[in-house]
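Note that the structure is a prediction, hence the values are computed from the model and not measured. Proteins come first, then strands; the chains are lettered A, B, ... in the order of their sequence lines, and each starts at number 1.
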There are 2 protein chains.
Amino acid sequence: MKIDERHLIQLAAVVKAGGVTEGAALLGLSQPAVSRTLSMLEGRLGEPLFVKGRRPLQPTPLGRALADHGQTMLAASRKASDTVEGFRVGRTGVVRIGGTPFFMDALIAGMIAEFQNSHPDVRIDQTYGYFSDLRAALKADQIDLAICPIDILDEGSDLEFQEILPGRNVVACGVTHPLLMKRRPQPADLLDFPWVAPPPGSPLLADLRSMLLSFGATEIKIRYSGGSLLSVINYMKTANALTIMPHTVVFSLRNEKAITALPINIAHPERALAILKRVDAARAPAADQFANHVRSSFEKLRHLIKRHEQSVVWGN
Amino acid sequence: MKIDERHLIQLAAVVKAGGVTEGAALLGLSQPAVSRTLSMLEGRLGEPLFVKGRRPLQPTPLGRALADHGQTMLAASRKASDTVEGFRVGRTGVVRIGGTPFFMDALIAGMIAEFQNSHPDVRIDQTYGYFSDLRAALKADQIDLAICPIDILDEGSDLEFQEILPGRNVVACGVTHPLLMKRRPQPADLLDFPWVAPPPGSPLLADLRSMLLSFGATEIKIRYSGGSLLSVINYMKTANALTIMPHTVVFSLRNEKAITALPINIAHPERALAILKRVDAARAPAADQFANHVRSSFEKLRHLIKRHEQSVVWGN
DNA sequence: CGCCAATATAACCGATTGTTATGAAAATCG
DNA sequence: CGATTTTCATAACAATCGGTTATATTGGCG
């Protein structure tokens with residue numbers, strides 16, 4: 001026999017409250033409504049749910065058993081209301097983000113942790129990828145946000161993007177690299193050392209190629225590639241290799257004393273770090289709040305870099 | 001925001017089934033019905049529950065979260081239906097029984113275990129008491145069944161009773177008792193030994209008194225009283241004491257080789273073991289089935305006793 | 001015995017739920 | 001690429017349900 005879920009919930013409220021009147025109040029209903037519900041239920045079941053002629057109201061064993069089930073429904077219902085409410089204000093939910101590996105590892109992971117200080121009930125699901133993967137994932141609604149460098153001109157699709165950081169690459173090396181001893185290292189010096197290549201498909205790899213070509217290099221000594229950021233860092237700690245990295249990534253790792261930037265200016269890529277999302281995406285307040293957090297974190301980072309550069313003498 | 005539980009359940013069905021049509025079928029509803037439900041839900045929430053323009057239907061994160069809650073409701077609902085169905089046929093439920101200690105310990109406990117071989121989902125709640133307690137408990141709907149000796153004439157109340165065993169007491173003693181050596185022990189011999197008294201308030205105690213009085217005893221040596229059946233048995237194992245007990249109780253303990261009955265006939269009490277219940281009690285099929293089980297168990301026991309007595313020579 | 005509180009009943013109305021019929025959009029397939 | 005088929009959305013309508021207020025009954029208690 002199918003029982004109306006609402007009826008079970010009312011029964012649960014009455015049993016828990018110990019009376020029809022109180023139970024009705026608990027649900028914000030009138031007493032007759034609940035009273036009738038109980039009558040109907042008893043009628044349909046053909047079994048009494050309460051011991052007759054007894055006040056305080058005493059449920060029969062069957063009544064008690066059914067009330068238990070109603071109780072779990074009531075709990076589920078309240079939780080559902082909570083999820084909705086939480087979703088509305090971005091307090092709960094899941095944010096699925098994708099991004100390029102270096103930025104995610106060096107910067108975003110920490111920002112996620114920070115974000116969850118104020119949003120402990122928001123879960124973050126992270127994936128890695130480059131622009132084309134991320135765009136596809138966004139369109140397939142597999143992620144809510146993408147964080148990656150994009151060509152500034154690129155536009156016109158059904159993706160909305162907000163620039164959060166202008167592109168700026170540096171040549172990175174281990175903190176004991178011999179080139180750091182030189183007063184004024186020249187671009188040509190770079191060709192004397194082995195290179196670590198950023199992961200295939202990454203914009204950084206294109207930047208690396210074009211930079212080296214602009215320095216007149218015909219051939220590059222690639223000694224290592226394909227590693228994650230942590231691999232690259234550990235590699236560079238012991239090898240006198242060079243690589244190209246986003247400025248902020250190197251900056252954010254400055255306290256590790258593992259890698260640093262060479263004081264050589266290289267061309268800015270025509271590219272900016274941006275947050276992408278579908279323009280027609282379903283509202284996802286938690287994702288919006290997370291995006292805001294990332295933006296403001298980068299804003300702070302930018303100020304920090306500015307102050308840092310005023311106190312430290314960088315290249316030229 | 002309050003959400004209609006039914007809507008959540010429909011949502012859950014659709015998400016689980018992977019489509020509106022299949023979800024509707026799962027619930028035995030028409031497709032337009034649940035389609036409209038989903039529209040209403042999205043309208044009220046102001047949030048989409050499914051990613052538009054995509055088939056197979058893909059829920060949004062919010063939709064998935066809400067569907068989870070709906071799923072637990074659906075499960076609870078099914079369980080509730082099961083409870084009702086089980087209750088109807090006596091397959092599930094709680095049976096609250098009360099009875100006199102000796103019968104419960106010696107006979108009923110084993111019958112309960114046996115009963116639950118065929119009714120594993122029926123829980124038995126047992127309490128102890130004598131007739132007046134049990135009657136009160138029945139009237140207060142604290143127990144569903146009482147199993148106790150009652151005076152045969154007693155009637156007329158709002159209790160229904162079914163006799164399951166005529167009253168028959170024996171004098172019990174330890175298996176090493178000296179009186180067992182005697183060819184034909186006489187009632188007068190009984191006065192030479194110390195006695196264990198049944199618990200105060202028990203019918204057995206009254207039987208003991210009247211029996212001893214009928215033997216011309218002016219005073220009885222009570223050495224021990226108040227113990228449960230197990231206490232009495234253990235006491236009698238080592239003391240040459242006597243006590244009075246229902247015949248079936250001693251009989252059911254025959255394999256323990258701890259106590260036995262003296263071959264002395266004593267008066268039958270004007271009393272019978274019966275199952276009592278309220279005539280106006282709520283239907284409790286599980287209790288009914290248990291009562292049937294107890295009755296048939298006693299029936300079997302009676303036959304067993306009869307066969308036993310034909311092979312063993314009892315007193316006189 | 002009579003009052004008070006709690007529950008049951010009655011009468012009414014609007015919202016909701018179900019139905020069938022049908023249109024629109026998407027996927028499938030030749 | 002167009003036809004077909006499947007699936008979802010919409011429309012219109014009937015019936016029931018679930019809510020309300022007003023009122024009668026009932027059980028508990030001084």
DNA chain C contacts among [range], heavy-atom distance under 4.0 Å:
range                     : value
residues 29-39 of chain B : B/Leu29, B/Ser30, B/Pro32, B/Ala33, B/Arg36
residues 65-78 of chain B : none
residues 19-26 of chain B : none

> If each of A/Gly28 and A/Arg44 is mapped to the nucleotide of DNA chain D with the nearest heavy atom, which maps nearer the 5' terminus, i.e. the 5' end?
Replying inline: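 Result: A/Arg44.
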
Looking at [X] and [Y], what are the two nearest heavy atoms and their distance?
X        : Y        : answer
B/Phe131 : B/Leu276 : CE1-CD2, 3.7 Å
A/Ser30  : A/Ala24  : O-CB, 3.6 Å
B/Tyr130 : B/Pro200 : CE1-O, 3.8 Å
A/Thr83  : A/Thr92  : O-OG1, 3.6 Å
B/Pro101 : B/Gly129 : CD-O, 4.4 Å
B/Pro285 : B/Val89  : CB-C, 4.1 Å

Could you state the [atom1]-[atom2] distance from [X] to [N], rounded to the nearest angstrom?
X       : N      : atom1 : atom2 : value
A/Glu5  : C/dT16 : CD    : C1'   : 15 Å
B/Asp4  : C/dA15 : CG    : C1'   : 11 Å
B/Leu41 : D/dA9  : CG    : C1'   : 16 Å
B/Gln10 : D/dA9  : CD    : P     : 13 Å
B/Leu11 : C/dT17 : CG    : P     : 14 Å
B/Met40 : C/dT16 : CE    : P     : 5 Å
A/Ile9  : D/dG19 : CD1   : P     : 11 Å
B/Gln58 : C/dA27 : CD    : C1'   : 16 Å

> What's the verdict on side-chain hydrogen bond (donor to acceptor under 3.5 Å, both in side chains) for A/Thr21 and A/Gln31, showing C-alpha distance, side-chain angles and the deciding distance?
Replying inline: CA-CA 5 Å; A/Thr21 308; A/Gln31 169 266 321; 5.5 Å; no

>> Less than 4.0 angstrom from a charged side-chain N to a carboxylate O is my criterion; do A/Glu5 and A/Lys2 meet it?
In response: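 So A/Glu5 pairs with A/Lys2 through a salt bridge.
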
>> Test: side chain to side chain donor-acceptor pair (under 3.5 Å). Region: residues 95-105 of chain B. Which pairs qualify, not counting sequence neighbours?
In response: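 Side chain to side chain donor-acceptor pair (under 3.5 Å) check on residues 95-105 of chain B returns B/Arg96-B/Asp144, B/Asp105-B/Tyr128.
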
> Taking five pairs at each end of the helix from C/dC1-D/dG30 to C/dG30-D/dC1, what angle separates the two helix axes (nearest 10°)?
Replying inline: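 That helix has its two terminal axes inclined by roughly 40°.
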
> Reckon A/His7 has a side-chain N or O less than 4.0 Å from the OP1 or OP2 of D/dC17?
Replying inline: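 No, outside the criterion.
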
>> Under 4.0 Å from OP1 or OP2 of C/dA15: is there any side-chain N or O of B/Arg6 that close?
In response: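 So the side-chain polar atoms of B/Arg6 never come under 4.0 Å of the phosphate oxygens OP1 or OP2 of C/dA15.
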
> Between B/Asp133 and B/Arg135, is a salt bridge (Lys or Arg N to Asp or Glu O under 4.0 Å) present by the stated rule, with each step listed?
Replying inline: CA-CA 5 Å; B/Asp133 313 316; B/Arg135 186 179 49 190; over 6 Å; no

>> Restricting to side chain to side chain donor-acceptor pair (under 3.5 Å), what partner residues turn up for A/Asp121, sequence neighbours left out?
In response: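 Side chain to side chain donor-acceptor pair (under 3.5 Å) list for A/Asp121, sorted by chain: empty.
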
> Is any side-chain heavy atom of B/Phe115 closer than 4.5 Å to a side-chain heavy atom of B/Ile108?
Replying inline: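 B/Phe115 vs B/Ile108: side chains apart.
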
> Heavy atoms, side chains only, cut-off 4.5 Å: are B/Ile112 and B/Gln126 in contact?
Replying inline: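 Result yes, sub-4.5 Å side-chain heavy-atom pair found.
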
>> For B/Asp288, run the salt bridge (Lys or Arg N to Asp or Glu O under 4.0 Å) check against B/Arg88, B/Arg295, B/Lys277 and tell me which one passes.
In response: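 For B/Asp288, the salt bridge (Lys or Arg N to Asp or Glu O under 4.0 Å) test succeeds with only one of B/Arg88, B/Arg295, B/Lys277, which is B/Lys277.
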
